[in-house]
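To keep things clear, I will list the structure first and then write my remarks on it.
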Amino acid sequence: MLTRASMTKRVAVIGAGVSGLSCIKCCLDEDLEPTCFERSDDFGGLWKFTEDSKDRTTRVYRSLVTNVCKEMSCYSDFPFQEDFPNFMSHAKFWDYLQEFSEHFDLLKYIQFKTTVCSVTKCPDFSETGQWDVVTETEGKQNRAVFDAVMVCTGHFLNPHLPLGSFPGVHKFQGQILHSQEYRTPEAFQGKRVLVIGLGNTGGDIAVELSRTAAQVFLSTRTGAWVYSRSSVGGYPRNMMSTRRCNNLIAQVVPSCFLNWIQDRQMNKRFNHENYGLSITKGKKKKAIVNDELPSCILCGTITVKTSVKEFTETSAVFEDGTVEANIDIVIFTTGYTFSFPFLEEPLKSLCTKKMFLYKRVFPPNLQKMTFAIIGLISLTGSILAATELQARWATRVFKGLCKIPPAQKLMAEVVRKQHLIKRGVIKDTSQDKLNYISYMDELAACIGARPNILFLFLKDPRLAWQVFFGPCTPYQYRLVGPGKWDGARNAILTQWDRTMKPLKTRTVADSPQPASMSHYFKVWGAPILCASLLLIGKSLLFKSV
């Protein structure tokens with residue numbers, strides 16, 4: 001345990017997006033002194049919309065709507081306003097970030113139009129763990145020493161434009177774009193557009209362009225499951241699926257059976273094979289959220305194609321032998337690469353290999369754990385909620401209140417993983433999405449903020465029922481431990497009120513009311529509770545063996 005005299009004091013936060021704002025607040029919560037460096041002129045990162053892409057910074061496109069509902073993707077002690085829509089435009093989401101920043105008075109800690117040039121260890125790093133940070137503001141360089149560094153630059157830095165994988169692309173006479181450059185659809189009026197890549201962005205852009213372009217072709221190598229934002233009964237899908245009870249069942253029930261159930265459920269809405277969207281055999285399963293893509297395919301405004309084999313001057317030739325002529329524009333929605341140009345080796349290389357970071361946060365080769373990567377993760381749930389928990393943990397590590405295994409042990413584990421990957425014993429999981437609840441619980445356990453379900457059932461059954469059988473909202477990680485929030489219990493018990501509030505805009509006399517939670521509890525509560533407690537006990541028993 002560090003003495004108070006040697007505790008971390010000054011923390012450099014790189015980036016003022018969603019993760020950077022989390023870090024500033026968490027530093028303040030732990031009595032640390034944050035200084036945030038943001039290269040643009042405003043906070044919010046990619047959520048700050050701009051009309052053009054001249055600054056080569058990744059921003060949201062004008063029509064973007066969030067994929068994770070508000071109750072599942074908020075800061076854990078700052079719920080959205082109840083009248084905010086469940087899925088919101090980028091402007092509404094940025095308004096929320098502004099409210100959060102002003103409520104906790106975070107903006108005064110941000111230095112805008114400031115680029116971080118280098119982050120290097122101080123000569124006495126082995127003793128102090130301090131970092132030398134060089135920044136540039138309007139052509140003037142500054143140097144300062146910090147006790148810790150939190151990097152919040154995220155995934156979306158450098159567009160991945162794999163032109164070398166497409167023979168003939170350099171003789172193609174049409175326009176070639178990356179989705180980073182896309183903002184609005186007006187310039188595509190009457191054009192024949194080919195969108196390459198079926199992720200959330202590819203689906204969104206294809207759907208929007210289908211309303212203005214003459215024809216849109218959507219090329220995918222693998223296919224994808226296409227989810228709607230709404231679930232059974234019209235409730236937000238995230239709130240219905242991301243639940244501890246479901247997560248426990250997924251850990252106990254064989255994956256082949258779960259996959260069979262998922263396949264059946266996904267094809268109930270529409271048969272993915274009929275729409276050309278079924279996942280190619282042998283390819284990793286992936287999912288996107290898009291409410292309109294199936295309708296656009298059904299109406300013929302979007303044509304789904306296999307991967308592109310080659311380009312000619314005006315056409316695209318696909319792997320199945322088909323040809324689409326007179327293509328005007330090709331948009332690559334092929335993702336991004338991330339990098340840390342301000343770091344020195346070997347730290348730079350280690351930080352780019354996500355699976356080698358300790359719990360996806362700490363590089364393994366440092367004598368002093370005073371450096372954290374925040375937000376470099378892919379999850380099955382909210383990135384915002386996870387980055388906040390990462391920041392809560394990291395700041396407590398900086399203060400010496402949470403322990404990390406020594407560098408020698410962490411590096412030995414890295415070498416072991418590299419060897420096993422090379423032999424083909426294990427797979428490189430860097431690109432895989434982490435299970436949201438499992439990862440959140442893992443981080444929360446490190447700081448003592450993971451809710452104890454069994455204890456909750458004894459102490460507060462009503463709350464326990466919502467925590468275990470209800471949606472795993474971020475407030476659950478404010479019930480106990482450091483950072484406990486007195487409003488967490490109420491936020492959990494009223495989360496459905498905030499969900500329904502923006503929908504109840506028309507009063508209908510004598511309309512039938514849905515069965516209440518208490519009704520379901522009376523009918524199914526006892527058997528489900530007994531079965532769940534047995535599963536929890538079984539799970540804990542296996543972990544202890």
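Counting from 1, the numbers follow the sequence of the chain as shown. Note that the structure is a prediction, hence the values are computed from the model and not measured.
Closest non-hydrogen pair, Thr135 versus Cys117, comes out as C-SG, 4.0 Å. When all heavy atoms of Gly199 and Ile288 are compared, the pair lying nearest together is C-CG2, 3.5 Å. Closest approach of Leu177 to Leu161, counting heavy atoms only: O-CD1, 4.3 Å. When every heavy atom of Asn247 is checked against every heavy atom of Ser438, the shortest pair comes out as ND2-OG, 3.5 Å. When all heavy atoms of Pro79 and Cys74 are compared, the closest pair comes out as CA-SG, 4.3 Å. Taking every heavy atom of both residues into account, Thr334 and Pro162 meet most closely at OG1-CD, 3.4 Å.
Partners of Asn271 according to the side chain to side chain contact (heavy atoms under 4.5 Å, CB included) rule, which considers only residues two or more places apart in sequence or in another chain, are Asn267, Glu273, Asn274. Phe112 pairs by the side chain to side chain contact (heavy atoms under 4.5 Å, CB included) definition with Glu38, Phe43, Ile110, not counting sequence neighbours. The side chain to side chain contact (heavy atoms under 4.5 Å, CB included) check on Ser228 picks up Ser230, Arg269, Asp291, with sequence neighbours excluded. Lys353 is linked by a side chain to side chain contact (heavy atoms under 4.5 Å, CB included) to Phe356, Gln418, counting only residues two or more places apart in sequence or in another chain.
Between the side chain of Arg192 and the backbone N or O of Ala325, at least one donor-acceptor pair lies under 3.5 Å. Arg183 places a side-chain N or O within 3.5 Å of a backbone atom of Gln180 that can act as its donor or acceptor partner. In this structure, the side chain of His272 does not engage the main chain of Trp225 through any donor-acceptor pair within 3.5 Å. Listed for the Thr380 side chain is a donor-acceptor partner under 3.5 Å among the backbone atoms of Tyr436. In this structure a side-chain-to-backbone donor-acceptor pair under 3.5 Å is missing from Thr337 to His160. When atom types are taken as modelled, the side chain of Thr115 and the backbone of Arg39 share no donor-acceptor pair closer than 3.5 angstrom. Put simply, the side chain of Thr301 gets close to the backbone of Cys296: a donor and an acceptor are under 3.5 Å apart. A distance-only check finds no donor-acceptor pair linking the side chain of Thr473 to the backbone of Met72 [under 3.5 Å]. Side-chain N or O atoms of Glu310 include none that pairs as donor or acceptor with a backbone N or O of Gly168 at under 3.5 Å. A donor-acceptor pair under 3.5 Å is formed between the side chain of Glu181 and the backbone N or O of His178.
Counting only N and O atoms by type, the side chains of Ser73 and Ser382 include a donor and acceptor under 3.5 Å apart. Looking at Lys305 and Thr322, their side chains do bring a donor and an acceptor atom within 3.5 Å of each other. Between the side chains of Glu208 and Tyr182, at least one donor-acceptor pair of N or O atoms lies under 3.5 Å. Checking Ser76 against Arg478 by side-chain atom types alone, a donor-acceptor pair falls below 3.5 Å.
The existence of a salt bridge linking Lys48 and Asp41 is excluded, since no basic side-chain nitrogen approaches an acidic carboxylate oxygen closer than 4.0 Å. A salt bridge does not link Arg360 to Glu442: none of the charged side-chain nitrogens sits closer than 4.0 Å to a carboxylate oxygen.
You'll find the side chain of Gln495 reaches within 4.5 Å of the side chain of Pro471, heavy atoms only. Taking the side chain as every heavy atom from C-beta outward, Leu209 and Ile331 approach each other to under 4.5 Å. Side-chain contact between Gln390 and Tyr439: present, with at least one pair of heavy atoms (C-beta onward) separated by less than 4.5 Å. Contact check for Asp432 versus Met355: no side-chain heavy atoms found under the 4.5 Å cut-off. With a 4.5 Å cut-off on side-chain heavy atoms, Phe340 and Val119 do not count as touching. Put simply, the side chain of Asp263 reaches to within 4.5 Å of the side chain of Lys285, judged on heavy atoms. Within the 4.5 Å cutoff, no side-chain heavy atoms of Pro34 are placed close to those of Met150. Proximity of Val116 to Val151: side-chain heavy atoms (C-beta onward) are nowhere separated by under 4.5 Å.
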Next on the checklist: One pair to check against side-chain contact (heavy atoms from CB on, under 4.5 Å): Arg62 and Phe49. What are the steps and the verdict?
Outcome noted: CA-CA 7 Å; Arg62 189 170 63 192; Phe49 175 73; 3.7 Å; yes
Next on the checklist: Run Asn238 and Tyr227 through side-chain contact (heavy atoms from CB on, under 4.5 Å) and show every step you take.
Outcome noted: CA-CA 10 Å; Asn238 314 110; Tyr227 286 97; over 6 Å; no
Item to check | Verdict with supporting geometry, Arg264 and Lys268, side-chain contact (heavy atoms from CB on, under 4.5 Å) | outcome: CA-CA 6 Å; Arg264 286 176 59 86; Lys268 273 186 177 181; 5.5 Å; no
Checklist entry - Would Gln173 and Thr314 satisfy side-chain contact (heavy atoms from CB on, under 4.5 Å), going step by step from the backbone distance to the final call? => result CA-CA 6 Å; Gln173 296 175 356; Thr314 59; 4.1 Å; yes
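Here the CZ atom belonging to Arg221 is positioned 9.0 Å from the OG atom belonging to Ser165, to the nearest 0.5 angstrom. Remark: Phe362 CZ to Leu350 CG distance equals 15.0 Å, nearest 0.5 Å. Between the CZ atom in Phe172 and the OG1 atom in Thr312 there is a gap of 8.0 Å [rounded to 0.5 Å]. Distance CD/Gln466 to OH/Tyr475: 12.5 Å, rounded to 0.5 Å. Considering OG of Ser63 and CD1 of Ile205, their distance stands at 8.0 Å, rounded to 0.5 Å. One finds the OG1 atom of Thr153 at 9.5 Å from the CZ atom of Phe338 (value rounded to the nearest 0.5 Å).
Aromatic pair Phe270/Tyr275: ring centres closer than 6.0 Å. A ring-centre distance under 6.0 Å is not found for Phe104 and Tyr75. Ring pair Trp47/Tyr96: centre-to-centre distance not below 6.0 Å.
Other residues, nucleotides and ligands place more than 12 heavy atoms under 6.0 Å from the NZ atom of Lys359. The 12-atom threshold is exceeded at NZ of Lys417, counting heavy atoms of other residues, nucleotides or ligands nearer than 6.0 Å. Taking a 6.0 Å sphere around NZ of Lys422, one finds it holds 12 or fewer heavy atoms contributed by other residues, nucleotides or ligands. More than 12 heavy atoms of other residues, nucleotides or ligands sit less than 6.0 Å from atom NZ of Lys286.
Residue pairs meeting the side-chain hydrogen bond (donor to acceptor under 3.5 Å, both in side chains) criterion with at least one partner in residues 80-89, sequence neighbours excluded, are Gln81-Glu99.
Relative ring orientation between Trp496 and Tyr235 is described as perpendicular, the plane-to-plane angle rising above 60° on a 0-90° scale split at 30° and 60°.
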Counting only pairs under 3.5 Å, give me each side-chain donor-acceptor contact of residues 252-261, with atom names and distances, residues two or more places apart or in other chains.
| unit_1 | atom_1 | unit_2 | atom_2 | d |
| --- | --- | --- | --- | --- |
| Asn259 | ND2 | Ser255 | O | 3.3 |

